[in-house]
Protein chains: 2
Amino acid sequence: MRADATKNYSHILTVAREVITAQGADASLRDIARKADVGLGTLYRHFPTREALLETLLRSSLDELTQLADELKTSSAPDDALIAWSRAAVAFTHHYRGAVDLMAAAMADEASALHASCSLVRSAGAQLLLRAQAAGMARTDMDGADLLALIAALGWLNDQPSFASQADHLFNVIGSAILYAGLKPA
Amino acid sequence: MRADATKNYSHILTVAREVITAQGADASLRDIARKADVGLGTLYRHFPTREALLETLLRSSLDELTQLADELKTSSAPDDALIAWSRAAVAFTHHYRGAVDLMAAAMADEASALHASCSLVRSAGAQLLLRAQAAGMARTDMDGADLLALIAALGWLNDQPSFASQADHLFNVIGSAILYAGLKPA
DNA sequence: ACCTGAACACCGTTCAAGT
DNA sequence: ACCTGAACACCGTTCAAGT
């Protein structure tokens, strides 16, 4: 990549992070290009879709989430691991307001730049769920897709001003439905 | 209202119902006006906001939902009533794709034309929840707002192509968390 | 009293023209 | 090899001008 290109690339990312943090995942791409002092076509060259831009912004958090799953698999009891990771996954979807809608759409669209990321989250969750199920700690009439759906639904609640304050409590309600022994009190 | 005005009003509603059924609650208002052979200003005169239009479209279903709550209060056991009504409420939010997002936003906005409707849904649900709680059948660490949030979250799942197929099952999972005795098998 | 549609300020996306 | 921004086809919202 040419020197000016890499400079543009990272500058767009910096500005995009600020704008999307402030305005949500549906922020105007035109606005981002303007604030980055870059032609609109330059933004589209580096990030052909809104999903591609968001995927790059979420990359590091996504890697942390995957790593966390690995750690929890050896460091925590199956039930604790499942709950702790699920909580982190909800927080992940909440990193940028409105991101969870794009991720949900990406699950149904193999061509989306976010599809792989979402599949990774599902796989990581599915493994922890299976582990808890094998230990007889979690209900067996659920799979990874169900877990992901519940995580996404809680992420969506977090995005709604009218529901955000209840999302934590409802996480516990749903968690108690997944674990046979219920959730441990904090 | 003048004769041409009433005619326009009902014609806009008819067309809007078709378009929004086909394209979702975020359908283009311009497109609706065009297809109704009506000036854009005429649509705005009758329905000053998208919420006002949607509220009118949802009116009859909303009344049915309120009526259902009243009926269930006398005809069914507290737990059955709560679950049956909640199921109907999820279906209500799903009447038009994308409507649940507008309703969620309306809960936090007193000025929204949908605010009153959403409050009615919450109140109806809260009564059925209280009744089940008083009968010792439902967990007591939830209120009407929590119930509404869960209903909205399930409605949102229904709207996502990637999650819609699991929404029914997840309704049962969540329902089993609300009722002490769990859900009765179908 | 009601309707119309142009006007304004925005979008996302593409692509010919420049360096 | 990369960047630019005009061009196109859309939005939502408002409001002067018409009947």
Side-chain angles (χ1 to χ4, degrees), chain A residues 1-20 22-57 96-99 101-103 105-106 109 111-114, chain B residues 1-20 22-57 96-99 101-103 105-106 109 111-114:
Chain A
M1 195 149 47
R2 232 168 55 179
D4 52 347
T6 56
K7 196 180 148 194
N8 276 335
Y9 179 87
S10 61
H11 189 230
I12 289 171
L13 268 184
T14 305
V15 172
R17 174 161 278 132
E18 288 166 12
V19 173
I20 289 181
Q23 314 193 5
D26 56 348
S28 160
L29 298 181
R30 229 190 190 85
D31 194 35
I32 292 173
R34 218 151 32 204
K35 283 179 173 141
D37 279 313
V38 142
L40 198 39
T42 303
L43 190 150
Y44 271 90
R45 163 184 297 279
H46 287 298
F47 306 101
T49 63
R50 180 184 298 275
E51 283 76 17
L53 177 56
L54 204 65
E55 201 274 338
T56 307
L57 289 177
Y96 301 103
R97 185 161 35 88
D101 296 82
L102 287 174
M103 290 193 247
D109 176 15
S112 166
L114 282 170
Chain B
M1 198 148 48
R2 231 167 59 180
D4 53 349
T6 57
K7 194 180 152 196
N8 275 336
Y9 178 87
S10 61
H11 188 231
I12 288 170
L13 269 183
T14 305
V15 173
R17 173 161 278 131
E18 288 166 13
V19 174
I20 289 181
Q23 313 194 4
D26 57 347
S28 158
L29 298 180
R30 230 191 189 84
D31 193 36
I32 293 173
R34 219 152 30 205
K35 280 178 174 144
D37 277 312
V38 141
L40 198 40
T42 303
L43 189 151
Y44 272 90
R45 161 183 299 278
H46 288 297
F47 306 102
T49 62
R50 181 184 296 275
E51 283 77 17
L53 177 56
L54 203 66
E55 202 273 338
T56 307
L57 288 178
Y96 301 103
R97 185 160 37 87
D101 295 82
L102 287 173
M103 291 193 246
D109 175 15
S112 167
L114 282 170

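Within every chain, numbering begins at 1; the chains are lettered A, B, ... in the order of the sequence lines, protein sequences first and strands thereafter. Any value given below was found using the heavy atoms of this structure, including those in side chains, with hydrogens, waters and symmetry copies removed.
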Nearest 0.5 Å please: distance from the CG atom of B:Leu29 over to the CD1 atom of B:Ile20. 7.5 Å

What nucleic acid atoms does B:Ser28 come within less than 4.0 Å of, heavy atoms only: base, sugar-phosphate, or nothing? sugar-phosphate

Among C:dC2, D:dG12, D:dC3, the one nearest B:Ala5 by side-chain distance: C:dC2

Taking for each residue the nucleotide of DNA chain D with the nearest heavy atom, is it A:Gly41 or B:Asp31 whose nucleotide lies nearer the 5' end? A:Gly41

Apply the test salt bridge (charged side-chain N to carboxylate O under 4.0 Å, His left out) to residues B:Asp4 and B:Lys7: give CA-CA distance (whole Å), side-chain angles for both, the deciding distance (0.1 Å), then the verdict. CA-CA 5 Å; B:Asp4 53 349; B:Lys7 194 180 152 196; over 6 Å; no

Could you tell me whether A:Leu29 contacts a base, only the sugar-phosphate backbone, or nothing, with contacts defined as non-hydrogen atoms closer than 4.0 Å? sugar-phosphate

Interatomic distance where CD1 belongs to A:Ile12 and P belongs to D:dC2 [whole Å]: 13 Å

Give a yes or no on whether the backbone of A:Leu40 and the side-chain of A:Arg30 come within a donor-acceptor separation of less than 3.5 Å. no

Whole-Å gap separating P (D:dC15) and CG (B:Leu40): 14 Å

Integer-rounded Å distance: C:dT13 P and A:Ile32 CD1: 12 Å

Under 4.0 Å between any heavy atoms, over every strand shown, what does A:Ala27 touch: base, sugar-phosphate, or nothing? Just pick one. sugar-phosphate

Pairing partner (Watson-Crick or G-U wobble, both distances under 3.5 angstrom) of C:dA6: D:dT14

Passes side chain to side chain contact (heavy atoms under 4.5 Å, CB included), A:Tyr96 versus A:Arg17? Steps please. CA-CA 9 Å; A:Tyr96 301 103; A:Arg17 174 161 278 132; 3.1 Å; yes

Could you state the atom-to-atom distance from CZ of A:Arg50 to C1' of C:dT14 in whole Å? 17 Å

Are the side chain of A:Arg97 and the backbone N or O of A:Ala22 linked by a donor-acceptor pair below 3.5 Å? yes

For atom CZ of B:Arg45 and atom C1' of D:dG18, their distance in whole Å: 13 Å

Could you work out which one of C:dC11, C:dC3, D:dT13 sits closest to the side chain of B:Arg30? D:dT13

Side chain of A:Arg2, heavy atoms from C-beta onward: which of D:dA1, C:dC3, D:dT13 has the nearest atom to it? D:dA1

In whole Å, what is the span from the CG atom of A:Asp4 to the C1' atom of D:dT4? 13 Å

Rounded to the Å, how far apart are A:Arg34 CZ and D:dG5 P? 12 Å

Ignoring backbone atoms, test whether A:His46 places a side-chain nitrogen or oxygen under 4.0 Å from the OP1 or OP2 oxygen of D:dC3. yes

I want to check one thing: is the phosphate of D:dC3, taken as OP1 and OP2, less than 4.0 Å away from some side-chain N or O of A:Asn8? yes

May I have the distance from B:Phe47 (atom CZ) to C:dC2 (atom P), rounded to whole angstrom? 14 Å

Just name whichever nucleotide pairs with C:dT19, Watson-Crick or G-U, keeping both distances under 3.5 Å, else none. D:dA1

